Amino acid sequence: MSEPAILTAAVVGAEVTRAQSPHVPYTPAEIAAAAVDAWRAGAAVVHLHARWPDGRPSQEAVHFREIIDRIRGAGCDVVVQCSTGGAVGMSVDERLGSLVDGAEMGTLNLGTMNFGDEIFVNARPDVVRIAARLRERRLVPECEVYDAGMLDTLAWLLERGHLAAPYHVQLVLGVPGGMAASERNLRFLLEGLPQRTHWTAAGIGRHQLPMAELALALGGHVRVGLEDNLFLSKGVLARGSAELVAAAVERARRAGRPPATPAEARRLLGIA
Ligand code: KMH
Ligand code: ZN
């Protein structure tokens with residue numbers, strides 16, 4: 001039997017806006033509802049950002065707490081992963097606001113890069129500091145890798161003891177300024193992963209579902225959702241992340257990879 005596929009739903013992110021799609025959730029209630037819908041559609045993990053009610057990105061603890069309370073209040077046992085990436089331009093202190101009680105995983109962005117026309121700053125001391133905070137709070141890190149050199153940073157963090165198992169790796173392909181979303185790039189990154197590392201691939205924009213299919217075929221896990229892609233197919237807006245999760249579920253079943261339940265995802269990811 002093939003390993004179950006962990007489907008992660010990235011339901012809002014920091015960049016997409018209602019001007020681009022009316023389905024982007026903003027308030028804690030809307031974000032929690034999007035997370036619960038994604039779980040009902042088959043997601044085992046939700047990757048959370050928060051917003052102010054006017055749509056500006058927020059890393060405020062009060063917003064993350066409300067989102068998580070609402071998710072649990074709906075009887076939803078999805079794995080909760082909070083972003084420490086936040087939005088371009090935020091300080092590390094601000095970004096760490098998301099690591100509230102109830103979070104089970106936190107992201108760890110492994111390097112500075114062009115992010116569209118902006119710069120996403122993750123200086124190595126910042127990465128070490130965020131890794132330490134994740135360890136203190138007993139959260140499983142998800143290492144966000146956008147470019148090949150970030151795998152060298154991953155190896156450096158492991159060698160120096162800043163990071164230790166359990167950790168997970170997210171290969172984010174297609175951010176303008178990072179590696180493009182191609183099969184060649186994904187295969188190249190996989191060659192550089194430490195042995196026995198669990199990984200997920202996230203393709204940006206129109207690459208989302210093709211990358212999901214490829215990741216499933218190569219033994220990886222999948223991230224979909226409005227943070228990375230607003231469209232279900234060319235010109236057709238997804239009415240929420242749940243529709244993209246449903247599309248990923250279909251692909252997982254076709255690939256002979258049953259979608260993992262949250263309990264299976266916790267076991268695979270080493271979440272206590
Ligand atoms: N919003 C991006 C600049 C993460 O969640 O850790 C960073 C991001 C990564 O979304
Ligand atoms: Zn994110």
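Please read all numbers here as calculations on a predicted model, not as lab measurements. Numbering starts at 1 and runs along the sequence shown. As the structure lists them, so they are numbered: ligands from 1, and atoms in each ligand from 1.
- Where the criterion is an N or O separation shorter than 3.5 Å, residue side chain and backbone included, E227 meets it with respect to ligand 1.
- Nearest to the Zn ion (ligand 2), among the N, O or S atoms that E227 has, is OE2.
- Residue-ligand proximity: G86 is placed with a non-hydrogen atom under 4.0 Å from ligand 1.
- Residues S58 and H63 have side chains that bring a donor and an acceptor to within less than 3.5 angstrom of each other.
- Using a non-hydrogen distance threshold of 4.0 Å, H49 registers as a contact of ligand 1.
- Close contacts between ligand 1 and H47 involve ligand atoms 4 (C), 5 (O) [criterion: under 4.0 Å to a heavy atom].
- Close approach of ligand 1 to G85 is summarised as follows: ligand atoms under 4.0 Å from at least one heavy atom of the residue are 4 (C), 6 (O).
- Checked for salt-bridge contact, E30 and R70 miss the test: no charged N lies under 4.0 Å from a carboxylate O.
- Checked against the Zn ion (ligand 2), the N, O or S atom of H47 at the shortest distance is NE2.
- Under the 6.0 Å distance and 45° angle rule, R206 does not count as a cation-pi partner of F231.
- Tracing side-chain contacts under 4.5 Å through hydrophobic residues (I, L, V, M, F, W, Y), one reaches W199 starting from L108; they form part of the same cluster.
- Considering only non-hydrogen protein atoms, atom 3 (C) of ligand 1 sits nearest to E15 OE2, 3.4 Å.
- Of all protein heavy atoms, the one closest to atom 5 (O) of ligand 1 is S83 OG, 2.7 Å.
- Atom 6 (O) of ligand 1 has T107 OG1, 2.7 Å as its closest protein atom, hydrogens excluded (heavy atom only).
- Of the candidates Q170, E142, H221, H168, T200 forms a side-chain hydrogen bond (donor to acceptor under 3.5 Å, both in side chains) with just one, namely H168.
- At the top of the distance list for atom 7 (C) of ligand 1, counting protein heavy atoms only, stands F120 CZ, 3.5 Å.
- Residues L99 and Q59 are not in side-chain contact: their nearest non-hydrogen atoms beyond the backbone lie 4.5 Å or more apart.
- A distance-only check finds no donor-acceptor pair linking the side chain of N122 to the backbone of T112 [under 3.5 Å].
- Backbone and side-chain nitrogen or oxygen atoms of A87 are examined, and none is located within less than 3.5 angstrom of a nitrogen or oxygen of ligand 1.
- Taking 4.0 Å as the cut-off between side-chain N and carboxylate O, R72 and E104 count as a salt-bridged pair.
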